[in-house]
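Atoms within a ligand are numbered from 1 in the order they appear, just like the ligands themselves. Source: prediction; values computed, not measured.
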Amino acid sequence: MRVDLVIKNIGKLVTGKDSGRPKIGQEMNKLDIIEDAYIAIKDGKIIDIGSKNDYKNIINDYTKIEDAKGLLVTPGLIDSHTHLVHGGSRENEFSQKLSGVPYIEILKQGGGILSTVKCTKEASCEELYSKAKKSLDRMLEFGVTTVESKSGYGLELDTEIKQLKVGKDLEKNHPVDLVHTFLGAHAIPIEYKENHKPFIDIIVDEMMPKVKELGLAEFCDVFCEDGVFTIEETEYILSKAREMGYKLKIHADEIVSLGGAELSAKLKCTSSDHLMAASEEGLKMMAQNNVIANILPGTSFNLNKAYADARKMIDLGVPVSLSSDYNPGSCPSENLQFVMQLGCLGLKMTPNEVLNAVTINAAYAIDRQNEIGSIEIGKKADLVVFDAPNVEYLMYHFGINHVDRVYKAGVLVVENRQAIYDNI
Ligand code: NIG
Ligand code: FE
């Protein structure tokens, strides 16, 4: 057996064993940890895990040995909900927001998502690409090795396709893996404000088939919210999406308790996201149907809203994942470590629960559980070396970047908190 790389002298290695479904209840509070560990890697995959010097009998002259200096190693972090590709920024709405104007009111006035739609339409592919690349580099520098990326700032075919194509191009040239989601139903264009139906017909009859035909998105998502898409409209769009072969996600019960959680259970969506206003009944239904609650505490923090009831979700047996929701309006930050810290400080999750929520459960939220999300033989060698003695420390010492190094498929891509993949 030829081994390409051994990372030795790992103080604490968070491994994990995928059990065939996301972690729920008390499982979420458990991590498998090996002390004084090593990982052996071949062709970008993990081929052996053990402790101390036991790797000695599997290496040969070609094996590179790297020293983790006694630090903490976890699976690469997964950001399973972002709006990565978009034009412009919205600091012009910041003072309005600070003075208490609600997020949805800014949207109703033609700002918010609609103002980003305008900037995204005006931006060239090159501009969108270089802005998103900068964000993706930042995410990688924070230890994120896989990112879900949504469209939704076009609201018409050409711009939706432009956004998704930029995402696909980025994926080709960037070490971070992307998972693509079509979110044409992200806002109602002003001209359809009084009558949504013709716009929904364009989404379903023109955009969704074209995006599918071009192979640009694996998931379909809808912003189901008071003043945006109703429950009935969301159900119609997502049912059609399923018929076309998309997997499903919903922006559900973010601001108003509309029944988005219930709908995500009825449709057996892969994940239901936000859920700050979800009903207990809806959460119970999600638990029964194994729908992941993808919670976005950075958005609660930034909108100054109540946090989702993560404790209740975990108690009810709903599998929980956490992600950034990185976007120019409700969460303009790429920092998933801060989101993890909010997972503890805002959502009252334990550090172990949070780590499971951004690794194995996040992998389930994007249907990548067979490749990533835990350090197991056969999975991709996506690893983060944290300059931290243990998992608790990551959440406790907040507001800084704890990354020491990042390996993507066994290749060193971040060193000294700097993305270095261009030089490889
Ligand atoms: O997930 N809520 C809807 N969509 C995004 C925000 C997008 C924006 O404000 O540009 C979200 O929060
Ligand atoms: Fe979102």
Side-chain angles (χ1 to χ4, degrees), residues 79-94 96-97 101-121 123 128 131-132 135 147-155 159-160 163 167 179-189 219-229 234 237 248-256 258 260 264 269-278 292-308 321-334 336 339 342 362 365-366:
D79 196 341
S80 57
H81 179 140
T82 83
H83 303 254
L84 175 70
V85 181
H86 58 261
S89 53
R90 307 224 290 267
E91 67 278 16
N92 59 321
E93 292 169 3
F94 195 49
Q96 239 186 325
K97 186 183 98 113
V101 183
Y103 173 81
I104 219 75
E105 194 46 51
I106 296 177
L107 175 63
K108 280 184 185 153
Q109 291 165 8
I113 295 173
L114 292 175
S115 101
T116 301
V117 167
K118 189 167 176 289
C119 294
T120 307
K121 272 193 217 293
L128 290 178
K131 180 172 162 60
S135 287
V147 169
E148 186 257 13
S149 167
K150 300 176 196 294
S151 68
Y153 292 117
L155 311 183
T159 311
E160 289 291 318
Q163 257 190 289
V179 171
H180 308 272
T181 298
F182 173 66
L183 177 59
H186 192 198
I188 308 282
F219 285 90
C220 183
D221 193 347
V222 175
F223 184 17
C224 178
E225 185 59 60
D226 198 23
V228 195
F229 291 88
T234 305
I237 296 167
L248 311 182
K249 289 178 172 283
I250 311 187
H251 280 65
D253 298 326
E254 176 181 352
I255 300 162
V256 176
L258 276 192
S264 69
C269 292
T270 306
S271 75
S272 188
D273 300 38
H274 282 294
L275 302 168
M276 280 117 91
I292 304 213
N294 200 5
I295 310 181
L296 317 165
T299 303
S300 304
F301 173 80
N302 184 57
L303 295 182
N304 206 9
K305 291 261 177 210
Y307 288 93
S321 60
L322 291 183
S323 47
S324 71
D325 194 21
Y326 167 63
N327 74 74
S330 65
C331 194
S333 170
E334 297 94 339
L336 192 64
V339 168
L342 289 176
I366 51 170

Problem - T181 (side chain) donor-acceptor with C220 (main chain) under 3.5 angstrom - result: no

Problem - Considering all heavy atoms, the nearest R90-T116 contact - result: NH1-OG1, 2.6 Å

Problem - Donor on one side chain, acceptor on other, Y103 and S330, under 3.5 Å - result: no

Practice task
Give the ring-plane orientation class for Y153 versus H86, where under 30° counts as parallel, over 60° as perpendicular and anything between as tilted.
Solution key: perpendicular

Problem - Candidate pair E254 and F223, rule side-chain contact (heavy atoms from CB on, under 4.5 Å), full reasoning - result: CA-CA 9 Å; E254 176 181 352; F223 184 17; 3.5 Å; yes

Problem - K108: partners by side chain to side chain donor-acceptor pair (under 3.5 Å), with sequence neighbours left out - result: none

Problem - Metal environment of the Fe ion (ligand 2), protein N/O/S under 2.8 Å - result: H81 NE2, H83 NE2, H251 NE2, D325 OD1

Give a table of atom pairs where an N or O of ligand 1 lies under 3.5 Å from a protein N or O.
{"residue": "ligand 1", "atom": "1 (O)", "partner": "H83", "partner atom": "NE2", "Å": "3.3"}
{"residue": "ligand 1", "atom": "1 (O)", "partner": "H251", "partner atom": "NE2", "Å": "3.0"}
{"residue": "ligand 1", "atom": "1 (O)", "partner": "H274", "partner atom": "NE2", "Å": "2.9"}
{"residue": "ligand 1", "atom": "1 (O)", "partner": "D325", "partner atom": "OD1", "Å": "2.9"}
{"residue": "ligand 1", "atom": "1 (O)", "partner": "D325", "partner atom": "OD2", "Å": "3.0"}
{"residue": "ligand 1", "atom": "2 (N)", "partner": "E254", "partner atom": "OE1", "Å": "2.9"}
{"residue": "ligand 1", "atom": "4 (N)", "partner": "H186", "partner atom": "NE2", "Å": "2.8"}
{"residue": "ligand 1", "atom": "9 (O)", "partner": "R90", "partner atom": "NH2", "Å": "2.7"}
{"residue": "ligand 1", "atom": "9 (O)", "partner": "Y103", "partner atom": "OH", "Å": "2.5"}
{"residue": "ligand 1", "atom": "10 (O)", "partner": "R90", "partner atom": "NH1", "Å": "2.9"}
{"residue": "ligand 1", "atom": "10 (O)", "partner": "R90", "partner atom": "NH2", "Å": "3.4"}
{"residue": "ligand 1", "atom": "10 (O)", "partner": "Y153", "partner atom": "OH", "Å": "2.6"}
{"residue": "ligand 1", "atom": "12 (O)", "partner": "D325", "partner atom": "OD2", "Å": "2.8"}
{"residue": "ligand 1", "atom": "12 (O)", "partner": "S330", "partner atom": "OG", "Å": "2.6"}

Exercise for the section: Scan side-chain atoms only and decide if Q109 and E93 contain a donor-acceptor pair under the 3.5 Å cut-off. Expected result: no

Problem - Flag for H274-H81: side-chain donor and acceptor within less than 3.5 Å - result: no

Practice task
Among residues two or more places apart or on two chains, list those pairs meeting side chain to side chain donor-acceptor pair (under 3.5 Å) that have a residue in residues 294-304.
Solution key: S80-N294, K97-N302, D273-N294, N294-S321, N294-S323, T299-D325

